[in-house]
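We use all heavy atoms of the structure for the numbers below, so side chains are in, but hydrogens, waters and symmetry mates are not. These numbers were taken from a predicted model, which means no experiment stands behind them.
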Amino acid sequence: MWFKKAIYNSLLTGIIVCVAIGLLPVNLCAQPVRDTFFINSKNAGTLTSHLYIYETNKLLTPRFVYDSINRQDFARFFPSTTYNDLQSPSKYYWLLLTVQNNLAQDETFYYQLNHPQLYSVIAYTKSGNVFTYSGKSGYAYPFDVKPYKYYDNVFPLFVKRGQTVTVLLFINIHNGHNPYFAPELSNTNAFKDKEERFYMVNGLIAGIMLTAMLLNIFLGIFLNEKLHFLYAVYIVCILYEIFLTQGLDRQYFYQGTSDKITLVRYIIPCCGIFLLAYVMQLFLNQKYSNSKIKIFVDIVNYCCVGATIFYCVYFLISPETSVVTAIYQKLLACLAVAQLCFVFASAIEKVIQGYKPAWFYIAAILCLFWGMLEFVLIYLGVNDVAASELKHPNDLQTGLIIETLVVFFGIIYRYNLFKKEKEILLTQINTYQATLIDKIVGAQEDERKRIAEDLHDDVGATLSALALHISNVPENTRGNTEMEGYYKRGLFLSSRAVDDIRTIAHNLLPKDFKAAGIFKILEQRVNELNAVSKVNFTLITDGDEKKLPEVFAITIYRIINELLANIIKHSMASEASVQLLIEENAVQVMCEDDGIGFETGQQNNGIGLRNIAGRVEFLKGYINVDSNSNGTTTIVHIPL
């Protein structure tokens, strides 16, 4: 009996031992990572050889992660300095780091993840056997709850001299976000220097961009050109995109977690792509009639706007948009690269067509293209380029800044080019108008000369012959007082007609005008009027009359002659003066009399003043008439 009992006890003991042996490996493996980072200098150094990461799709407690997760389930960062698993990202990550302060004093260290776009990060510290909640950060929480008010996810870590502290970071990337981070541990001085440099660089970038924006608004107002206003809006979108990619949008523009504000983050990139193409089309004057690429640019814009509208609607009606957000971001990134290619092709097309400002767009797109390509590779997971996102500013931000400034300088160059072309065109138009005017005036003067010659040679000669004929009184009428008086009146009228025709012919074109010059011709005209009129005229001339082109000289003579005729006919003046001053760049004519004056509003319709005004306008000048009961003063200014 005792034998059976012994066998039974032996079997039971064996079973228990076997079970214990079978369970022993599990208990031995369920040990936390024992790897301490010893801080022996004020420069914390590289910690990735002591940093471990655990991926999971389950919500776990820090105690469970530390005590119950097998050591082999933790992945060691080393030799990499960044984590970037875009191909098969998990939903939750745990970062484990144990540090020991071997410095001679207590020190505050700053644990930074270098990825401001993370959805949620919660920090726990273990000192002794107690886990303590140390703060939370990320887009899931308001900016004010961050343990350190900084654009990035940073957790201050106070470690006493000789103390060992374990830090567990729980990271929820939220579907649609990129799981990459590059943890750093810095002491206070190193971190503050880095923080100061970061804000200084971004302040400089913001200052440059805002200056370009204000200059474009200023130019848009004063030049009344839509291109400048649209480019100012484009600069605002680009500046917001730069702040967004660095997490500065939440620090400066909004600090809450409103879904509507989050939606703006996904609309701004679409606006940037759309304005990039639209500004290019205005800058290059791209139309369907002069470009074969415009249709492709417009198609990308339509796709961009359509995708954004669809996403906004889905965002507002669906409580969970993470998967759609990821697809939308990837689509928008691909559309951005496609649009850059079409903009670059459009610029090349314009260069081939001989449009010089297109070179600025070629340079701008080349600066932006590499940064945009890196950005797209990150979203598509084609290449591990997460390290490029850790630079401040990164390649995309640098490309956007350079692209903005290069295009702005291109707009200024374009404006100067248009200005020069306008000046050349204006010069050509003025030359053409001057040539046309010379031909018109020449034709008028030729016609006047022909009429004057016809009047003088033909009509004048005929009237002279008539006067000679009348002067020969027939013998049978001699002694007849009535008939002799009739012939004498005929002779008087014919002689007067001859004098009038000679005067008209002289007024149409003074004899030897070109040879004598305007000063001499005016002097002769004033002497003639003083001899036959009741008005005493005074003539004052000054300047170099040879400066006047013949067309100007003849037209100015006509203006002065018309003024003199008006004084004789209407002013009832006794004294009058005429001044002709030929200056370096203008001609001044002033005519004054002491007559009864006139109401300028009523006389403006007079033929004389209309003729004068027409001739002054013909010479691109202006006329000013001041008339009252004490006389009239007329001033004519004609630019040369």
Side-chain angles (χ1 to χ4, degrees), residues 444-445 448 451-452 455-456 459-460 463 492-493 495-513 516-542 545 552-581 587-619 621-638:
Q444 290 177 343
E445 294 304 324
R448 287 173 179 269
I451 294 173
L455 287 173
H456 184 273
V459 181
L463 290 175
F492 171 76
L493 292 174
S495 298
R496 183 174 177 179
V498 171
D499 292 339
D500 289 342
I501 287 176
R502 287 177 178 172
T503 302
I504 293 172
H506 184 269
N507 290 339
L508 283 172
L509 186 66
K511 188 176 181 181
D512 298 329
F513 184 92
I518 188 172
F519 288 170
K520 186 65 175 178
I521 296 298
L522 283 175
E523 182 182 353
Q524 293 175 359
R525 180 59 177 162
V526 167
N527 291 336
E528 291 175 0
L529 294 177
N530 284 336
V532 297
S533 69
K534 297 179 181 179
V535 183
N536 182 33
F537 288 98
T538 302
L539 175 66
I540 300 174
T541 58
D542 187 41
E545 60 182 335
F552 274 61
I554 294 175
T555 306
I556 291 171
Y557 171 76
R558 304 282 184 212
I559 292 171
I560 295 175
N561 202 31
E562 194 71 51
L563 289 171
L564 297 178
N566 284 346
I567 292 173
I568 294 172
K569 293 178 182 178
H570 307 295
S571 70
M572 299 179 64
S574 58
E575 297 287 338
S577 66
V578 178
Q579 297 182 33
L580 174 60
L581 307 178
V587 176
Q588 299 280 357
V589 176
M590 185 168 67
C591 190
E592 297 179 289
D593 66 68
D594 60 355
I596 59 175
F598 63 90
E599 294 184 12
T600 55
Q602 296 179 359
Q603 293 295 327
N604 275 338
N605 293 326
I607 295 176
L609 279 180
R610 286 208 305 271
N611 288 340
I612 294 171
R615 290 189 172 100
V616 171
E617 183 179 0
F618 167 75
L619 295 179
Y622 62 85
I623 182 172
N624 182 35
V625 180
D626 181 21
S627 184
N628 53 50
S629 59
N630 295 321
T632 301
T633 300
T634 303
I635 299 175
V636 177
H637 176 88
I638 299 170

Review point. Just checking, is any N or O donor in the side chain of S627 or T632 under 3.5 Å from an acceptor N or O on the other one?
Key: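 Distance-only check passes for S627 and T632.
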
[atom1]-[atom2] distance between [X] and [Y], expressed to the nearest 0.5 angstrom:
X: N624; Y: M590; atom1: CG; atom2: CE; result: 11.5 Å
X: N561; Y: I554; atom1: CG; atom2: CD1; result: 13.0 Å
X: I635; Y: E592; atom1: CD1; atom2: CD; result: 7.5 Å
X: N536; Y: D594; atom1: CG; atom2: CG; result: 10.0 Å
X: I560; Y: R615; atom1: CD1; atom2: CZ; result: 12.0 Å
X: L564; Y: I559; atom1: CG; atom2: CD1; result: 12.0 Å

Review point. Which residues pass the side chain to side chain donor-acceptor pair (under 3.5 Å) test with N530, sequence neighbours left out?
Key: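 Side chain to side chain donor-acceptor pair (under 3.5 Å) check on N530 returns nothing, list empty.
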
Which pair of non-hydrogen atoms, one from [X] and one from [Y], has the smallest distance, and what is that distance?
X: V616; Y: Y622; answer: CG1-N, 3.4 Å
X: A576; Y: V535; answer: CB-CG1, 3.9 Å
X: F519; Y: E545; answer: N-OE1, 3.1 Å

Point to revise | V587, I638, I518 screened by side-chain contact (heavy atoms from CB on, under 4.5 Å) with F552, the one that passes | key: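 Among the candidates, only I638 passes.
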
**Study point:** Side chain E562, main chain I612, donor-acceptor under 3.5 Å
**Key:**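 No, because the side chain of E562 does not come within donor-acceptor range (under 3.5 Å) of the backbone of I612.
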
Exercise for review: Indicate yes or no: at least one non-hydrogen side-chain atom of I556 is less than 4.5 angstrom from one of L619.
Suggested key: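 Side-chain contact under 4.5 Å: yes.
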
**Study point:** Contact check, side chains of V578 and L522, non-hydrogen atoms, under 4.5 Å
**Key:**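 No - every pair of side-chain heavy atoms lies 4.5 Å or more apart.
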
